[in-house]
Amino acid sequence: MQEEPKYARLWRIVAAIPSGRVAAYGLVADLAGLPGRARLVSRALRAAPAERDLPWHRVLRADGRIAFAPGSQAARTQIMSLRDEGVVIKGHRVDMRRFGWRPTLGDLMSLPY
DNA sequence: CCATTGACGCAGG
DNA sequence: ACCTGCGCCAATG
């Protein structure tokens with residue numbers, strides 16, 4: 001049996017983040033079984049094929065801040081997508097207590113391949 | 001092969 | 001709230 005490639009495992013977690021909720025890079029890594037590898041998540045997202053259509057905009061820094069520089073095109077796109085889903089952004093950040101995704105074990109167990 | 005670079009996170013000060 | 005340092009490590013030059 002072969003181990004699922006790291007990027008694919010990260011992509012699966014990101015794909016599971018529900019609309020209207022957000023998750024930190026570090027949480028995505030943890031849930032993918034790669035604790036301490038937050039930076040790998042950013043790499044995986046850059047490398048993700050567009051066809052996969054991942055909700056990358058739902059991934060933020062641990063403190064709720066948008067990872068991209070304020071005013072950058074990427075940040076504006078991300079903010080727009082989040083607002084479309086009802087996520088409130090103030091001062092370039094999101095209130096993680098309100099919008100943070102907290103999956104149950106059941107959620108994780110029933111992830112599609 | 002060595003150095004630098006990040007869509008990061010956390011502990012300190 | 002802001003800054004600094006360190007751990008992390010695949011990718012890039």
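Just so we're on the same page: letters track the sequence lines, and every chain starts at 1. Because the structure is a prediction, the values reported are computed rather than measured.
Each of A/R46 and A/R39 was assigned the nucleotide of DNA chain C with the nearest heavy atom; the assignment lying further toward the 5' end belongs to A/R39.
Using a cut-off of 4.0 Å between Lys/Arg side-chain N and Asp/Glu carboxylate O, A/D63 and A/R65 are scored as salt-bridged.
Using a 4.0 Å heavy-atom cutoff across all strands shown, A/R37 reaches sugar-phosphate atoms only and no base atom. Across all strands shown, A/A24 has heavy atoms under 4.0 Å from sugar-phosphate atoms exclusively, and none from any base. In this structure, A/R61 reaches the sugar-phosphate backbone alone: every heavy-atom distance under 4.0 Å involves primed, P, OP1 or OP2 atoms, never a base.
The side-chain contact (heavy atoms from CB on, under 4.5 Å) test with A/L82 singles out one residue from A/I66, A/V88, A/T77, and that residue is A/I66.
When the C1' atom of B/dG9 is taken as reference, atom CG of A/L40 falls 14 Å away, rounded to whole Å. Rounded to an integer number of Å, the gap from A/R65 CZ to B/dA7 C1' is 12 Å. As rounded to whole Å, 16 Å separates atom P of B/dA7 from atom CG of A/L10. Put simply, CG on A/L34 is 14 Å from C1' on B/dC8, counting in whole angstrom units. For the pair A/Y7 OH and B/dA7 P, the computed distance is 13 Å after rounding to whole Å. Between the P atom of B/dA7 and the CD1 atom of A/I79 lies a distance of 16 Å, rounded to the nearest Å.
The environment of A/R97 atom CZ is sparse: at most 12 non-hydrogen atoms of other residues, nucleotides or ligands sit within 6.0 angstrom.
When side chains are defined from C-beta on, A/Y7 counts as touching A/R43, because their heavy atoms get closer than 4.5 Å.
Chain A approaches DNA chain C over the interval C/dG7 to C/dA11, counting the first and last nucleotide 5' to 3' with an atom under 4.0 Å from its heavy atoms.
Here the CD1 atom belonging to A/I89 is positioned 9.0 Å from the OG atom belonging to A/S81, to the nearest 0.5 angstrom.
With 3.5 Å as the limit, one finds a donor-acceptor pair spanning the side chains of A/D107 and A/T104.
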